[in-house]
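Just below is one structure, and these are the notes that go with it.
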Amino acid sequence: MPSWQHITYSNEIKDGHFGKSVAVGGWAQEVRNLGGISFLQLRDRFGVIQITSLKKRDPELFRQMTTIQRESVLLITGTVKESGEAKAGFEVIPETVAVLSEAMTPLPLGVVDKVGADLDTRLNNRFMDLRKPETRAIFQIRAKALEGIRGYLTSEGFVEVTTPKIVAAGAEGGATLFPIKYFDKSAYLAQSPQLYKQNLMGTGLDRIFEIAPAYRAEASDTVRHIAEFTSLDIELAFIESSEDVMAVAEGIAYNGLRHVKEAASEQLDMLGVEIPIPETPFPRMTYSEAIDLLKANGMKVEHGDDLGTEGEKLLGDVIMRERGCELYFITDFPTSLKRGTFYAKRHDDDPERTGYFDLDYMGQEIVSGGQREHRYDVLVEQMKENSMDLDSFEFYLKAFRFGMPPHGGFGFGIERYVQKMLHLPNIREAVLYPRDRLRLIP
RNA sequence: GCCCCGGUAGUGUAGCGGCCUAUCAUCCGAGCCUGUCGAGCUCGGGACUCGGGUCCGAAUCCCGACCGGGGCGCCA
C-alpha cells in the first residue's frame with residue numbers, strides 16, 4: 001500500500017499523468033452504481049476525482065467500490081485515464097481500495113444532499129459542514145484577508161504583539177466581563193487589549209498590532225454579536241490627530257480586500273461574491289453631519305442621540321446610494337456618547353467633542369477608535385468623572401507619569417469585516433466554532 | 001436584558017382539534033441498469049422536543065421547561 005505522504009491531490013493531476021499510476025486519498029462523496037459500471041466521487045481538499053470501475057474488469061473490486069459508505073476516508077491506487085465524459089477531463093481506474101475510516105450512517109448532516117440545513121444544525125456538526133467547499137472557502141478567504149492585513153501592517157512598521165487574555169480589570173464600561181478563577185484570585189477574560197496596548201506606547205514598541213480573541217459577556221443575541229470574537233487591535237504613537245489613526249484603519253480595510261480579491265478569487269467565485277475595491281480615501285463625515293443626513297432621510301433622531309442600529313443601517317443605504325461607497329468614517333463623536341470611554345481625547349477647542357471615529361462597512365460598525373488622552377492629569381480627571389477606582393488601574397496610569405507620547409488606535413472586528421465582505425447573514429458563519437450566549441459546544 | 005415567532009423522520013418541510021395508519025423532498029436499505037455527475041425506475045425504512053393540563057378526541061388548544069430563529073438595546 002502506498003504511503004499517505006505520496007498521495008496526489010486532485011489539482012495536481014495533469015496530462016502528464018495519463019496512463020500513469022497514482023495514489024489518491026479523500027472522502028467518498030458519492031457512489032453511483034449503474035450496474036456494469038460505477039462512479040465514485042472522491043473529494044480531497046482541492047476538488048473531486050472520479051473513480052470509475054467496471055464490473056467485468058474486476059467483480060470483487062467492483063463490489064467493494066459500490067458498497068462504500070458515503071464520507072468514508074479512502075486511499076485508492078489506480079491508473080489515470082483521459083476521459084471526455086468525466087468532468088475533470090480524467091478519471092482514475094482503481095487497482096486497490098483501502099477504507100481507512102468508515103463513515104457511519106446516517107450522516108448527521110449531508111455534504112452533497114439536495115436539501116439545506118439550518119445554521120444551528122451545521123454548527124452542531126461543524127466538521128461535516130466544513131467538508132463543503134463553500135463553507136471552507138469562508139475561512140480560506142478570512143486567512144487571505146489576515147495575510148493581506150499583516151503584510152500591510154508589517155510594511156508600515158507595525159510590530160505584532162500578544163497581550164494577556166487573563167486580566168485583573170476591564171478596560172471599558174458597558175461591555176461586561178467573564179469572571180474566572182485564577183488560582184486563589186479572581187480574574188476576567190480580556191474584553192479588549194486596550195490598557196496593554198496603550199501601556200506599550202510608552203516603551204518604544206510604539207507601533208503595534210495584535211490579532212487575538214476578545215471576550216464580551218453581553219447577553220446580546222443578534223446576527224452580529226458573539227461572546228468570543230477576533231479583534232485586530234492597533235496602537236500607534238507620535239500622532240498628530242485621529243486622522244493619523246484613521247489612515248491605518250483605511251489601509252487595513254483596503255489591503256485586506258485587495259489581497260482577498262487577488263489571492264482568493266477561486267473561493268470568491270465559489271461563494272458568488274464580487275468584491276469591489278474601494279477608492280481611497282474613504283468618505284468621512286462628522287457625527288453631526290451623519291445626524292443631519294439621517295434627519296434629511298426621514299429618521300426621527302436628534303443631535304446627541306446614538307445613531308442606533310436603525311441609523312447605522314440607514315446611513316449605509318444613503319451613502320451607497322449617493323456616493324456608491326461601502327466603507328466610510330463617522331468622526332468627531334460627541335463626548336456625551338463617549339463618556340464611558342475614559343481614555344478618549346477630547347478636542348482642545350471643544351471638550352464636548354472627541355476625535356473618536358467609527359469605520360462602518362455597509363451599515364455596520366467594524367472599527368471604533370481614535371486619539372487617546374495621553375496627559376496624565378487630564379486622564380485622571382476623566383477617570384474620576386467615570387467614578388473609576390484609580391488604584392485598580394495603577395499599572396495603567398503609572399506609564400503615563402513617566403513619559404507617554406501622544407497616541408491613538410482602534411479595534412477592528414475581523415468577523416464583522418468578513419461577514420460584510422461576503423454578505424454572510426450571520427456573523428457565526430465567519431467563525432469556525434462560534435461562542436454565543438447559549439453555544440459552548442463544539 | 002426586553003419584544004415577536006417557532007420546535008414534525010438523519011436533513012429540510014406540509015399538516016395547525018376527528019379526514020393523520022402524518023405530506024413531500026432528501027437520506028438510508030433491497031433490486032434493475034456500461035457513462036453517471038440534481039442520474040433514472042421499482043419496492044421498502046424512518047418523525048409529532050419534554051412535562052403537566054383542557055377535551056369524548058391533541059402534532060394541532062393552554063401552562064411550564066429546554067432548544068432554536070428574528071428584532072431592539074449595547075457593541076467589534
Side-chain angles (χ1 to χ4, degrees), chain A residues 29-41 43 48-57 62 66-67 69-71 81 83-88 91 103-125 128-129 172-176 191-194 211-234 249 306-313 337-338 340-341 358-361 364-369 410-420 425-428 430-431 436-439:
Chain A
Q29 179 164 286
E30 196 163 16
V31 185
R32 192 162 292 150
N33 179 1
L34 275 66
I37 188 169
S38 76
F39 305 99
L40 183 147
Q41 311 297 340
R43 183 188 66 248
V48 173
I49 299 169
Q50 177 160 281
I51 314 294
T52 304
S53 55
L54 287 171
K55 194 181 210 167
K56 67 175 185 192
R57 190 170 179 271
F62 185 87
T66 52
T67 53
Q69 293 295 336
R70 273 191 193 210
E71 295 303 320
K81 188 185 148 209
S83 164
E85 282 120 330
K87 275 186 171 169
E91 58 197 359
M104 292 177 70
T105 178
L107 300 172
L109 177 69
V111 177
V112 290
D113 285 10
K114 295 159 199 77
V115 293
D118 289 345
L119 181 59
D120 194 52
T121 305
R122 292 172 46 207
L123 292 177
N124 283 337
N125 301 284
M128 268 290 171
D129 188 42
E172 336 210 8
T176 29
Q191 62 181 185
S192 155
Q194 185 64 32
I211 300 173
Y215 301 90
R216 303 277 163 95
E218 292 164 339
S220 46
D221 215 356
T222 78
V223 294
R224 59 191 177 280
H225 288 89
I226 36 180
E228 180 183 59
F229 67 96
T230 309
S231 182
L232 163 60
D233 273 276
I234 295 286
D306 228 313
L307 297 178
T309 304
E310 185 196 347
E312 278 184 19
K313 287 178 181 169
L337 290 179
K338 292 290 176 187
T341 311
D358 283 356
L359 173 60
D360 282 34
Y361 192 7
Q364 168 75 66
E365 176 185 343
I366 62 165
V367 173
S368 192
F410 54 85
F412 182 112
I414 293 296
E415 285 86 8
R416 284 188 176 179
Y417 180 58
V418 173
Q419 182 189 3
K420 282 293 168 181
N426 194 314
I427 193 168
R428 292 164 181 76
V431 186
D436 59 35
R437 188 142 65 105
L438 297 161
R439 181 176 290 280

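Remember, it's a predicted structure, so these values are computed and weren't measured experimentally. A, B, ... follow the sequence lines: proteins, then strands. Residue 1 opens every chain.
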Exercise for the section: Determine the contact category for A:N33: base if any of its heavy atoms lies under 4.0 Å from a base atom, sugar-phosphate if only primed atoms, P, OP1 or OP2 are that close, otherwise nothing. Expected result: base
Practice task
Take atom CG of A:L307 and atom P of B:rG73, then tell me their distance rounded to the nearest Å.
Solution key: 11 Å
Exercise for the section: State whether a side-chain donor-acceptor pair under 3.5 Å links A:Q191 with A:Y215. Expected result: no
Handout entry: Check: A:E71/A:Q29 side-chain N/O donor and acceptor closer than 3.5 Å
Key = no
Practice task
Ignoring the backbone of A:V223, work out which of B:rG70, B:rC74, B:rC27 is nearest its side chain.
Solution key: B:rG70
Practice task
Rounded to the nearest angstrom, tell me the gap between atom CD in A:E30 and atom C1' in B:rU36.
Solution key: 9 Å
Practice task
Determine the contact category for A:E312: base if any of its heavy atoms lies under 4.0 Å from a base atom, sugar-phosphate if only primed atoms, P, OP1 or OP2 are that close, otherwise nothing.
Solution key: base
Practice task
With heavy atoms under 4.0 Å as the rule, sort A:N426 into base, sugar-phosphate or nothing.
Solution key: sugar-phosphate
Problem - Shortest non-hydrogen contact from A:D360 toward A:E365 - result: OD1-CA, 3.5 Å
Practice task
With heavy atoms under 4.0 Å as the rule, sort A:G110 into base, sugar-phosphate or nothing.
Solution key: nothing
Exercise for the section: Nearest whole angstrom, please: distance from the C1' of B:rC27 to the CE of A:M104. Expected result: 16 Å
Practice task
Scan A:T222 against the nucleic acid and name what it touches under 4.0 Å (heavy atoms): base, sugar-phosphate only, or nothing.
Solution key: base
Exercise for the section: Assign A:I366 to base, sugar-phosphate, or nothing according to its heavy-atom contacts below 4.0 angstrom with the strands shown. Expected result: sugar-phosphate
Practice task
Check every strand shown and say whether A:A214 touches a base, only sugar-phosphate, or nothing at a heavy-atom separation below 4.0 Å.
Solution key: nothing
Problem - Whether over 12 other heavy atoms sit under 6.0 Å from A:E310 CD - result: no
Exercise for the section: Identify whether any heavy atom of A:V367 sits under 4.0 Å from a base atom; if not, whether one sits that close to sugar-phosphate; answer base, sugar-phosphate or nothing. Expected result: sugar-phosphate
Handout entry: Sugar-phosphate, base or nothing in reach of A:S83, heavy atoms under 4.0 Å
Key = base
Handout entry: Interatomic distance, A:R70 CZ vs B:rG38 P [rounded to whole Å]
Key = 13 Å
Exercise for the section: Using the six-membered ring for Trp and the full ring for Phe, Tyr or His, decide whether A:F229 stacks on the six-membered base ring of B:rA76 (centres under 5.5 Å, planes under 30°). Expected result: yes
Exercise for the section: Check the distance between B:rA39's P and A:L34's CG and give it to me in whole angstrom. Expected result: 11 Å
Exercise for the section: Before accepting this row, confirm whether a basic side-chain N of the pair A:D113/A:R70 lies closer than 4.0 Å to the acidic partner's carboxylate O. Expected result: yes
Handout entry: Atom-pair distance (CG on A:L109; P on B:rU26), nearest Å
Key = 17 Å
Problem - Gap between atom CZ of A:F62 and atom CG of A:L54 - 0.5 Å precision - result: 8.0 Å
Exercise for the section: Starting from C1' on B:rC75, measure out to CZ on A:R416 and report it in whole angstrom. Expected result: 6 Å
Exercise for the section: Scan A:I226 against the nucleic acid and name what it touches under 4.0 Å (heavy atoms): base, sugar-phosphate only, or nothing. Expected result: base
Exercise for the section: Assign A:K420 to base, sugar-phosphate, or nothing according to its heavy-atom contacts below 4.0 angstrom with the strands shown. Expected result: nothing
Exercise for the section: Select one nucleotide: of B:rU34, B:rA76, B:rU26, the one nearest the side-chain heavy atoms of A:K56. Expected result: B:rU34
Handout entry: Nearest-angstrom distance from the residue atom CG of A:D120 to P of B:rG70
Key = 10 Å
Exercise for the section: Give one of base, sugar-phosphate or nothing for A:Q419, where a contact means two heavy atoms less than 4.0 Å apart. Expected result: nothing
Exercise for the section: Using a heavy-atom cut-off of under 4.0 Å over every strand shown, decide if A:G35 touches base, sugar-phosphate, or nothing. Expected result: base
Exercise for the section: Please work out if A:T121 contacts a base, only the sugar-phosphate, or nothing of the nucleic acid, heavy-atom cut-off 4.0 Å. Expected result: sugar-phosphate
